[in-house]
Asks: 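Sharing a structure with you now.
We use all heavy atoms of the structure for the numbers below, so side chains are in, but hydrogens, waters and symmetry mates are not.
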Amino acid sequence: LARAMAAAEQRKRTIVVKVGTSSILRADTGDLALSTLASLVENLTALRRDGHNVILVSSGAVGVGCVRMKLKTRPTRLPELQAMAAIGQPHLMRYYDELFSALNQPIAQVLLSADALDSRTGYENLQATFTELLSLGIIPVVNENDSVAVSELRFGDNDTLSALVAILVGADHVFLATDVDALYSKNPSAQLAPGEEPAEAIREVHDVTAALLAVSVSKTNSGSQWGTGGIATKLRAAQLASAAGITTVIMGATQPEVIPRILGGSRDVGTVLLPAPHTVRNHKRWILALPVQGSLRVDEGAARALLAGSSLFAAGVRSREDVQGDWGERDAVRVLNDKGIEFARAVVNYSAEHTAMLCGNSSEKNEDLLGFSGPEELASRRNIVLLDASLRRSVGCGSAADLLAAAAPPPEP
């Protein structure tokens with residue numbers, strides 16, 4: 001009996017489920033898809049009753065606001081988007097509250113802003129809040145605090161937000177529930193040419209970075225008219241989750257009942273994107289959750305050194321053109337290799353302006369170039385996390401073969 005109880009306890013998971021705007025609003029009328037919401041709520045409540053910790057990340061505030069105001073298209077100006085979010089969020093939460101309350105499942109609204117995660121202290125404070133909510137049996141309903149965003153109306157998108165929340169709570173799985181039921185070898189809705197093979201559903205992906213590259217160079221990555229996400233944004237989110245040892249699943253939002261099957265190991269629905277072979281250590285995972293302020297492109301030698309565990313030095317950034325964005329000291333940036341592929345995140349010691357002054361030069365020249373003494377490194381290895389430590393596959397033009405290659409297990413060493 002003790003062994004059975006222990007085995008049952010081991011099966012309890014922490015699960016983050018993200019549902020997108022295009023899944024909770026009907027494309028034909030713009031009305032809320034109440035049947036989808038009701039099915040989602042029922043299945044998440046069942047998971048919670050089975051002992052799993054469950055967090056729901058829900059898009060839709062802007063879309064619901066647009067519907068309430070009878071707008072035909074999504075606004076583009078930031079003040080309009082903020083206003084629509086302020087109008088739509090309480091209505092969206094009212095529906096969730098009524099549906100969950102009908103099943104006696106308490107929920108909590110958690111609205112996040114990027115500045116809440118701009119330091120390790122903020123990360124740990126949020127972590128404590130989620131831990132307390134989950135210990136009380138609550139299902140937190142998370143969205144970005146869109147109505148007060150000051151630079152962009154998103155962390156990037158809610159796919160990324162769901163991955164960050166998953167990292168924050170140490171989740172086992174993040175489910176991206178969308179209007180596409182899996183990752184396909186090519187656009188499943190595209191017209192086939194004579195003799196062309198139909199799109200093939202990919203059930204398991206071993207190399208998330210390769211899959212992201214294949215999709216990013218294709219022409220099929222676009223969101224709905226009310227939403228902001230596409231398949232590439234889901235793969236970018238999966239890349240973050242994978243680096244933290246979290247399994248990501250792309251699945252149809254109208255089939256939340258498949259979640260227990262996938263947790264049980266089924267591979268006949270959705271697409272399971274597996275964690276990276278070497279994952280980020282717990283004490284570094286907060287870096288993954290920091291808002292990204294720009295990017296640094298490094299040369300091949302610097303990329304190899306970083307993959308081997310080195311710090312980042314200015315000599316590895318060839319020119320000012322390789323410094324993109326406007327950031328300050330201690331901000332987070334993407335680190336790209338010479339092909340433009342993101343493979344790491346770093347908390348930098350110098351602002352973008354000072355980094356541009358230093359790039360291409362040895363550390364001995366830092367003080368002469370800047371006029372003050374500072375750290376030798378642009379970023380210390382203690383503040384660098386690798387998203388893909390292997391980068392073992394090159395990817396071509398975004399063909400079906402590229403995606404299928406990404407799905408394949410790595411070769412035996």
Asks: Testing the basics here: between Ala244 and Ile167, what is the closest heavy-atom pair and its distance to 0.1 Å?
Replies: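 It is CB-CG1, 3.8 Å.
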
Asks: Does Thr271 use its side chain to pair, donor to acceptor, with the backbone of Ile202 at less than 3.5 Å?
Replies: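 Checking the backbone N and O of Ile202 against the side chain of Thr271, a donor-acceptor pair under 3.5 Å is found.
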
Asks: Under a 3.5 Å distance rule, please check whether Gln127 uses its side chain to pair with a backbone N or O of Leu168 as donor and acceptor.
Replies: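 Yes, because the side chain of Gln127 sits within donor-acceptor range (under 3.5 Å) of the backbone of Leu168.
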
Asks: How many angstroms lie between CG in Leu99 and CD in Gln105, if you round to the nearest 0.5 Å?
Replies: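 Between Leu99 CG and Gln105 CD, I get 12.5 Å after rounding to 0.5 Å.
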
Asks: Which label fits Tyr350 and His354: parallel for a plane angle under 30°, tilted from 30 to 60°, or perpendicular past 60°?
Replies: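 Aromatic pair Tyr350/His354 classed perpendicular.
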
Asks: Mind checking whether Tyr96 and His91 have ring centres under 6.0 Å apart?
Replies: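 Ring centroids of Tyr96 and His91 are no less than 6.0 Å from each other.
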
Asks: Given Asp299 and Asp322, is the side-chain contact (heavy atoms from CB on, under 4.5 Å) satisfied, shown in steps?
Replies: CA-CA 10 Å; Asp299 62 27; Asp322 294 323; over 6 Å; no

Asks: Taking all heavy atoms of Ser23 and all of Ala33, pick out the closest pair and write down the distance.
Replies: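 For Ser23 versus Ala33, the nearest heavy atoms are O-CB, 3.9 Å.
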
Asks: Flag the pair Asn349 / Leu378 as yes when at least one side-chain heavy-atom distance between them is below 4.5 Å, and no otherwise.
Replies: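 When only atoms from C-beta onward are counted, Leu378 and Asn349 do not touch, as no gap falls below 4.5 Å.
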
Asks: Around Asn125, counting heavy atoms of other residues, nucleotides and ligands shown, do more than 12 lie under 6.0 Å from its CG?
Replies: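 More than 12 within 6.0 Å, yes.
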
Asks: Is it true that atom CZ of Arg382 has more than 12 heavy atoms of other residues, nucleotides or ligands lying nearer than 6.0 Å?
Replies: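 No - once you tally the heavy atoms of other residues, nucleotides and ligands closer than 6.0 Å, there are 12 at most.
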
Asks: When you look at CD of Glu257, are more than 12 heavy atoms from neighbouring residues, nucleotides or ligands closer to it than 6.0 Å?
Replies: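 For Glu257, atom CD is crowded (more than 12 foreign heavy atoms under 6.0 Å).
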
Asks: One pair to check against side-chain contact (heavy atoms from CB on, under 4.5 Å): Arg74 and Val62. What are the steps and the verdict?
Replies: CA-CA 8 Å; Arg74 181 186 174 96; Val62 173; 3.6 Å; yes

Asks: Do you know the tightest heavy-atom contact between Arg13 and Asp172?
Replies: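 Nearest heavy atoms, Arg13 then Asp172: CA-OD2, 3.4 Å.
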
Asks: Are the side chains of Leu312 and Val298 in touch, meaning some heavy atoms are under 4.5 Å apart?
Replies: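 Yes, side chains in contact.
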
Asks: To the nearest 0.5 Å, what is the distance between CD (Gln82) and CG (Asn145)?
Replies: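 The distance works out to 9.5 Å.
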
Asks: Is a donor on one side and an acceptor on the other found under 3.5 Å between the side chain of Asn361 and the backbone of Cys359?
Replies: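 The answer is yes, because a donor-acceptor pair under 3.5 Å joins these two groups.
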
Asks: Can you confirm whether Arg261 sits close enough to Val269 that some side-chain heavy atom of one is under 4.5 Å from a side-chain heavy atom of the other?
Replies: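 Arg261 vs Val269: side chains touch.
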
Asks: Looking at Glu367 and Glu364, would you say the former's side chain and the latter's main chain have a donor-acceptor pair under 3.5 Å?
Replies: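 No, Glu367 side chain to Glu364 backbone: no donor-acceptor pair under 3.5 Å.
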
Asks: Verify, without hydrogens or angle tests, whether Ser162 (side chain) and Asp159 (backbone) share a donor-acceptor contact under 3.5 angstrom.
Replies: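 At least one qualifying donor-acceptor pair exists.
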
Asks: Would you say that Glu200 contacts Tyr184 through its side chain, given a criterion of any heavy-atom pair below 4.5 Å between the two side chains?
Replies: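 Side-chain contact under 4.5 Å: no.
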
Asks: Measure the spacing between OG1 of Thr254 and CG of Asp179 and express it to the nearest 0.5 Å.
Replies: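 Interatomic distance, Thr254 OG1 to Asp179 CG, rounded to 0.5 Å: 9.5 Å.
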
Asks: Using side-chain heavy atoms (C-beta onward) and a distance below 4.5 Å, is Val385 in contact with Lys284?
Replies: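 In short, these two side chains touch, coming nearer than 4.5 Å.
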
Asks: Yes or no on side-chain contact (heavy atoms from CB on, under 4.5 Å) for Gln89 and Gln109, after CA distance, side-chain angles and deciding distance?
Replies: CA-CA 10 Å; Gln89 184 65 30; Gln109 176 178 251; 3.1 Å; yes

Asks: Between Asp268 and Arg203, is any pair of side-chain heavy atoms under 4.5 Å apart?
Replies: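 No - every pair of side-chain heavy atoms lies 4.5 Å or more apart.
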
Asks: Are the side chains of Leu240 and Leu164 in touch, meaning some heavy atoms are under 4.5 Å apart?
Replies: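 In short, these two side chains touch, coming nearer than 4.5 Å.
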
Asks: Given side chains that start at C-beta, do those of Met251 and Ile259 come closer than 4.5 Å, heavy atoms only?
Replies: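 Of all side-chain heavy-atom pairs linking Ile259 with Met251, at least one is under 4.5 Å.
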
Asks: Kindly give the heavy-atom pair with the smallest separation between Gly328 and Val348, and that separation in Å.
Replies: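 It is O-CG2, 4.0 Å.
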
Asks: Taking NZ, NE, NH1 and NH2 as the nitrogens, is one of them in Arg345 or Glu342 under 4.0 Å from a carboxylate oxygen of the other?
Replies: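 Counted as a salt bridge, because a side-chain N and a carboxylate O are separated by less than 4.0 Å.
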
Asks: Roughly how far, to the nearest 0.5 Å, is the CG atom of Leu81 from the OG1 atom of Thr76?
Replies: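 Answer for the OG1-CG pair, Thr76 versus Leu81, is 7.0 Å.
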
Asks: Establish, from distance only, whether the side-chain atoms of Asn143 and Ser58 form a donor-acceptor pair under 3.5 Å.
Replies: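 Ser58 and Asn143 do not have a side-chain donor-acceptor pair below 3.5 Å.
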
Asks: For the CZ atom on Arg94, are there more than 12 heavy atoms of other groups (residues, nucleotides or ligands in this structure) within a distance under 6.0 Å?
Replies: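 Check passes, neighbour count above 12.
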
Asks: Counting only N and O atoms by type, is there a donor-acceptor contact under 3.5 Å from the side chain of Ser363 to the main-chain atoms of Glu376?
Replies: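 Yes, the answer is positive, given that a donor and an acceptor are paired below the 3.5 Å cut-off.
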
Asks: Pair Leu235, Ile231 - check side-chain contact (heavy atoms from CB on, under 4.5 Å), show working.
Replies: CA-CA 6 Å; Leu235 291 175; Ile231 287 296; 4.1 Å; yes

Asks: Is it true that Asp50 and Lys12 make a salt bridge, defined as a side-chain N closer than 4.0 Å to a carboxylate O?
Replies: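 Salt bridge: no.
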
Asks: If you round to the nearest 0.5 Å, how far is OG1 of Thr131 from CG of Leu133?
Replies: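 OG1 of Thr131 is found 9.0 Å from CG of Leu133.
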
Asks: Side chain of Ser311, backbone of Ser380: donor and acceptor closer than 3.5 Å?
Replies: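 Here the side-chain-to-backbone pair does not exist.
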
Asks: Can a donor-acceptor pair be found between the side chains of Ser351 and Glu353 at a distance below 3.5 Å?
Replies: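 No, Glu353 and Ser351 have no side-chain donor paired with an acceptor closer than 3.5 Å.
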
Asks: State, to 0.1 Å, how close Lys234 and Lys18 come at their nearest heavy-atom pair, and which atoms those are.
Replies: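 Residues Lys234 and Lys18, closest heavy atoms: NZ-NZ, 4.4 Å.
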
Asks: If you round to the nearest 0.5 Å, how far is CZ of Phe175 from CG of Leu44?
Replies: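 Here the interatomic distance stands at 10.0 Å.
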
Asks: Taking atom CZ of Arg381 as the centre, does the number of heavy atoms from other residues, nucleotides or ligands within less than 6.0 Å exceed 12?
Replies: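 No, because the 6.0 Å sphere around CZ of Arg381 holds 12 heavy atoms or fewer from other groups.
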
Asks: Between Asn337 and Arg297, what is the shortest heavy-atom contact and its length?
Replies: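 In this case the closest contact between Asn337 and Arg297 is O-CG, 3.3 Å.
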
Asks: Counting only N and O atoms by type, is there a donor-acceptor contact under 3.5 Å from the side chain of Asp97 to the main-chain atoms of Met93?
Replies: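 Side chain of Asp97 to backbone of Met93: no pair is present.
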
